[in-house]
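Accompanying notes for the structure given below.
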Amino acid sequence: MPELPEVETIRRTLEPLVRDQKITAVEVLDRTCVGFPDPESFQDRLAGHYVAGLERRGKYLIWELAQNRQPSGLVLVVHLRMTGRLVYKRADEPPDRYRRLVLRLENGDLVEYADLRRFGRLWLLSSDQQSAAAVTKTASSATEAAANGGPKGLWGLGPEPLAEEFSASYLRAVCTGRRAAIKSLLLAQEHVAGVGSIYADEALFRAGVHPARPAGTLDEREIGRLVDSLKSVLAEAIQHRGTTFSDYRDGRGRRGEFYDRLAVYGREGKPCPRCGSIISRGRAGGRSYRFCPQCQK
DNA sequence: AGACCCCTGCTG
DNA sequence: CAGCAGGGGTCT
């Protein structure tokens, strides 16, 4: 489940391998993974572009494209959802069993997009549209996005959790008056971008806050601890190149190493690393959470 | 704000 | 072999 640290790791590992390289050909093996435009136009328009650089926004990976050293006005946007992978390979390396799309590069290597569950999507969008949408959150850009079949979530993303903008005062403003569980609020990409189930659970554990607490009931100190915890767990996960449960791989096909440092996620029935109580599980807002009944009130 | 859907491997 | 998991979108 690639979340912010995993997508950031893919960005960092892939960028040096693809920057300034030409995409010579695009092979769409599974039409369902192309979100916009239609698969034929996607192939035709993307082929021939150079990769100017890779950016990340929330869980979205954004490929800046160029043509003849000039910005081409197009970006390739990728969301891996649950089981998507983006791996740089030599042409003679065996394909992933779930290979869905291939970007051929002029040096003979390729970038393989694979996705077991086929929830992931790729979109080829005009860059002014994408950047305008990233900074504004207006209804008009959202409408425009919908009309163009773009990635709707990208248009309404909240602040990056590692940016200063994501502060205790910001989170307090978001939580105030809300009865939804704090965990659901952390997962809502319009409030904070890039947090998924793993890091929401881990941050709540570190902050000592019960995941099902109505957001509005958190006091000032809890809000402060939660902001700090989220930032620290995300930064540490990036340092360890993400968390691999089964599917996630970085841009070079390697596993992430944060798995061993998880305190609660995937550890139900095991002892809490802090107090030894048994980690248990609950459900809020239609999504499950893991927590330590002793440490999280 | 919650139900349901997408999709497929794995679990009970 | 039904049911669950899960990011995020849609529909109610």
Side-chain angles (χ1 to χ4, degrees), chain A residues 1-8 10 29-36 56-61 77-86 96-101 113-123 133 137 139 141-158 161 174-204 211-217 234 237 242-249 259 262 264-269 279-290:
Chain A
M1 306 121 221
E3 303 180 25
L4 187 154
E6 289 75 33
V7 179
E8 179 60 23
I10 292 170
L29 307 171
D30 178 351
R31 303 170 59 85
T32 63
C33 69
V34 178
F36 184 85
R56 181 192 57 74
R57 187 72 177 89
K59 301 174 194 172
Y60 290 89
L61 187 68
V77 176
V78 183
H79 197 302
L80 301 170
R81 294 282 170 86
M82 300 283 295
T83 53
R85 290 180 180 179
L86 219 38
D96 188 290
R97 181 176 170 191
Y98 303 104
R99 177 181 278 195
R100 308 289 181 197
L101 186 146
Y113 172 75
D115 188 0
L116 187 159
R117 289 185 189 172
R118 300 199 280 189
F119 286 168
R121 290 287 180 276
L122 298 87
W123 302 265
K137 281 203 264 180
S141 63
T143 308
E144 200 180 325
N148 291 325
K152 296 167 186 67
L154 182 58
W155 274 264
L157 284 181
V174 170
C175 289
T176 301
R178 290 187 186 266
R179 274 171 288 190
I182 183 62
K183 159 122 192 205
S184 336
L185 194 138
L186 292 178
L187 294 180
Q189 304 297 298
E190 71 262 31
H191 296 315
V192 51
V195 180
S197 215
I198 298 176
Y199 300 107
D201 281 1
E202 293 297 312
L204 287 162
R213 284 271 300 283
T217 68
L234 293 172
T243 302
T244 295
F245 259 81
S246 52
D247 297 288
Y248 164 71
R249 296 292 186 277
Y259 182 91
L262 297 175
V264 290
Y265 191 89
R267 297 196 66 252
E268 308 137 66
I279 300 299
S280 62
R281 169 189 281 256
R283 217 171 164 76
R287 224 103 247 183
S288 54
Y289 57 79
R290 305 84 193 154

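Residue numbers begin at 1 in each chain, while the letters A, B, ... track the order of the sequences. Side-chain atoms are counted along with the backbone in the values below, which use heavy atoms only and exclude waters and symmetry mates.
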Discussion item. Which residues pass the ring pair (Phe, Tyr, Trp, His ring centres under 6.0 Å) test with Y265(A), not counting sequence neighbours?
Written reply: F245(A)
Worksheet item: Got a sec, which residues hit salt bridge (charged side-chain N to carboxylate O under 4.0 Å, His left out) with D247(A), two or more places apart in sequence or on another chain?
Response: none
Worksheet, complete the sentence: Contact string for nucleotides 5-12 of chain C, one letter per nucleotide 5' to 3', B = base within protein heavy-atom range under 4.0 Å, S = sugar-phosphate only, - = neither, reads BBBBSS--
Worksheet entry | Which nucleotide in dG9(B), dA1(B), dC7(B) has an atom nearest any side-chain atom of Y98(A) | dG9(B)
Fill in: Partner residues of R267(A) under the salt bridge (charged side-chain N to carboxylate O under 4.0 Å, His left out) criterion, sequence neighbours left out
none
Fill in: Minimum heavy-atom distance between R100(A) and L116(A), given as atom pair plus value
NH2-O, 3.3 Å
Worksheet item: Roughly how many Å is it from CG in L116(A) to P in dC7(B), rounded to a whole number?
Response: 13 Å
Worksheet entry | Contacts of type side chain to side chain donor-acceptor pair (under 3.5 Å), residue R281(A), not counting sequence neighbours | E268(A), S288(A)
Response to the item:
Rounded to whole Å, CG of D247(A) lies from C1' of dC10(B) at a distance of 11 Å
Fill in: R85(A) CZ to dG9(B) P, straight-line distance once rounded to whole Å
13 Å
Practice prompt. Could you tell me which residues satisfy ring pair (Phe, Tyr, Trp, His ring centres under 6.0 Å) with Y60(A), sequence neighbours excluded, listed by chain and number?
Written response: H79(A)
Item to complete: Please identify each residue that fulfils side chain to side chain donor-acceptor pair (under 3.5 Å) with K59(A), with sequence neighbours left out.
Response: none
Worksheet item: Considering the terminal five base pairs at each end of the helix from dA1(B)-dT12(C) to dG12(B)-dC1(C), what angle separates the two local helix axes, rounded to 10°?
Response: 50°
Discussion item. Using the side-chain contact (heavy atoms from CB on, under 4.5 Å) criterion, which residues pair with R56(A)? Sequence neighbours excluded.
Written reply: L4(A), V7(A), E8(A), R11(A), E160(A)
